[in-house]
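Please read the structure below before turning to the comments.
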Amino acid sequence: MATFNYTDTSHSLFILLGIPGLEDQHTWISLPFFLSYLVSLLGNSLLILVVMTEHSLHEPMYLFLCMLATADLVLSTTTVPKALAIFWFHAGDISLDGCVTQIFFIHATFIAESGILLAMAFDRYVAICDPLHYSTVLSRAVITRIGLAVALRSFCVILPDVFLVKRLPFCRSNRLPHTYCEHMAVAKFACADIRVNVWYGLSVLLSTVVLDALLILVSYSLILYAVFHLPSRRAWQKALGTCGSHLGVISMFYLPGIFTIITQRFGHHVPLHTHILLANVCMLAPPMMNPIIYGIKTRQIRERVLSTLSLQWK
């Protein structure tokens, strides 16, 4: 059993350093952060406004998209403003309670997005493989229950993280080489045994995000099987077209995360700033790209957005 010698003093204030090794480039690095946050804020807000105000878009696919846009707003707002404060004003100070709050919202929102993507994959499966029962299977009541289940799952599995971090004594350095507080990045600075944090974090990842990814893979395997058994080429092209935007969003969500995990696991000689930049890509890319992908690929949303913007300019 490992023992740890530490004083009675535990840090209650941390200093986020931003991207270590690139401090002199923080001003330039802040530009893509700011632009991505601006696009995320405007794009997702417009998407929610369009779906909520256009009655013809009150369908399962668009309601799930509205949930995803809301999660994107929470995720980007939880991380980017603090990063910009570090880059522009060197305001990296954050209390332990503030750090824990950020950990909770980042991880809970990330797991919620994974659950929403799974729900969207199920929506496409029912729409293509069982279209006659689509409105029955995905009624408004079912959609509401799915949304509540996604939110409740995220809350329940991440809430223990708050207590797992709060219980740790931090008597080593309080200078965190990151732009935001992340569970294991913070736990590594504790002068105590963090094996419970490690194993709980891994079990949460496997039972939520990894399981969701596997179920999405199964869903799309069944969809592709059904699509390529459609009677005409035009029919399966149309069916695949309806899945194109969702597949793009899934790629933007999972691929940066997978690449980051591989780099952290095997890239022992990769500079620290590269790890931090990759972690930030996971926070920046999905909220920015999701409304763009759906705006370009989905005709109904594209037409409604253009109509809304044209009315504003008149």
Side-chain angles (χ1 to χ4, degrees), residues 37 39-80 104-127 134-135 137-159 204 208-209 211-213 215-216 219-220 223 242-254 257 282-298 300-302 304-305 308:
Y37 182 57
V39 172
S40 172
L41 201 62
L42 295 176
N44 287 296
S45 298
L46 184 59
L47 199 58
I48 294 170
L49 177 66
V50 166
V51 172
M52 290 293 97
T53 57
E54 180 58 40
H55 185 72
S56 63
L57 297 180
H58 291 181
E59 298 178 6
M61 184 177 80
Y62 303 113
L63 294 176
F64 286 134
L65 177 57
C66 200
M67 295 180 196
L68 185 66
T70 302
D72 282 337
L73 285 174
V74 174
L75 184 63
S76 56
T77 301
T78 302
T79 55
V80 181
F104 175 80
F105 278 104
I106 289 172
H107 290 278
T109 307
F110 194 79
I111 290 173
E113 288 209 12
S114 180
I116 294 167
L117 289 175
L118 175 59
M120 293 171 79
F122 177 67
D123 167 76
R124 291 300 84 202
Y125 168 76
V126 176
Y134 180 71
S135 58
V137 173
L138 285 168
S139 64
R140 191 67 61 85
V142 171
I143 295 170
T144 301
R145 285 196 290 268
I146 290 174
L148 290 174
V150 167
L152 187 62
R153 182 186 72 159
S154 301
F155 178 83
C156 290
V157 300
I158 295 302
L159 185 61
V204 167
T208 55
V209 178
L211 179 61
D212 290 346
L215 293 174
I216 289 172
S219 177
Y220 269 94
I223 289 172
T242 64
C243 299
S245 53
H246 187 222
L247 287 171
V249 168
I250 289 173
S251 301
M252 287 304 305
F253 181 80
Y254 285 106
C282 295
M283 299 294 111
L284 295 172
M288 178 183 68
M289 294 303 299
N290 289 350
I292 295 175
I293 292 171
Y294 272 99
I296 292 173
K297 295 288 292 182
T298 309
Q300 295 91 329
I301 292 177
R302 185 172 64 248
R304 183 59 185 168
V305 168
T308 301

Does S40 offer a backbone N or O that forms a donor-acceptor pair with the side chain of S76 under 3.5 Å? no

Minimal non-hydrogen separation, Y220 against H246, with atom names: OH-ND1, 2.6 Å

Verify the distance criterion only: is there a donor paired with an acceptor across the side chains of Y37 and T79 at less than 3.5 Å? no

From L148 CG over to F155 CZ, what is the distance, rounded to the nearest 0.5 angstrom? 13.5 Å

With side chain to side chain contact (heavy atoms under 4.5 Å, CB included) as the criterion, how do L41 and M288 come out once you've worked through the C-alpha distance, each side chain's angles and the decisive distance to 0.1 Å? CA-CA 8 Å; L41 201 62; M288 178 183 68; over 6 Å; no

Here the pair of heavy atoms bringing V157 nearest to V204 is O-CG2, 3.8 Å

Value for CG (L284) from CE (M289), rounded to nearest 0.5 Å, stands at 12.5 Å

Distance-minimising heavy-atom pair for V51 and C66: CG1-CB, 4.2 Å

Check for a donor-acceptor pair, side chain of S219 on one end and backbone N or O of L215 on the other, with a separation under 3.5 Å. no

Side-chain contact test, heavy atoms from C-beta onward, threshold under 4.5 Å: evaluate it for V137 versus V142 and give yes or no. no

Side-chain H-bond candidate by donor/acceptor type, Q300 with Y62, under 3.5 Å: yes

Pairwise side-chain contact, T53 with R304, heavy-atom cut-off 4.5 Å (strictly under): yes

Against V249, only a single residue in L65, I116, N290 fulfils side chain to side chain contact (heavy atoms under 4.5 Å, CB included); can you say which? N290

Can you measure from CG (L63) to CD1 (I143) and round to the nearest 0.5 angstrom? 5.0 Å

Which pair of heavy atoms, one from A119 and one from I146, lies closest together, and at what distance? CB-CG2, 3.8 Å

Under a 4.5 Å cut-off applied to non-hydrogen side-chain atoms, are R140 and H58 in contact? yes

Do V150 and M67 have side chains that get closer than 4.5 Å, going by heavy atoms? no

Could you give the distance from CD (E59) to CG (L138), rounded to the nearest 0.5 Å? 11.0 Å

Can you check side chain to side chain contact (heavy atoms under 4.5 Å, CB included) on F110 and I158, steps first, answer last? CA-CA 10 Å; F110 194 79; I158 295 302; over 6 Å; no

Is the count of non-hydrogen atoms from other residues, nucleotides or ligands lying under 6.0 Å from Y134 atom OH greater than 12? yes

To the nearest 0.5 Å, what is the distance between CG on L68 and CD1 on I48? 9.5 Å

For Y125, is the OH atom crowded, meaning more than 12 foreign heavy atoms sit under 6.0 Å from it? no

Would you say H107's side chain and S154's backbone share a donor-acceptor pair under 3.5 angstrom? no

Specify the closest pair of heavy atoms between L75 and M283, including all atoms of both residues, with the distance to one decimal. CD1-SD, 3.7 Å

Using every non-hydrogen atom in the two residues, find where S114 and D212 come nearest and quote the distance to one decimal. OG-OD2, 2.8 Å

Rounded to the nearest 0.5 Å, how far does CD1 of I250 lie from CE of M120? 8.0 Å

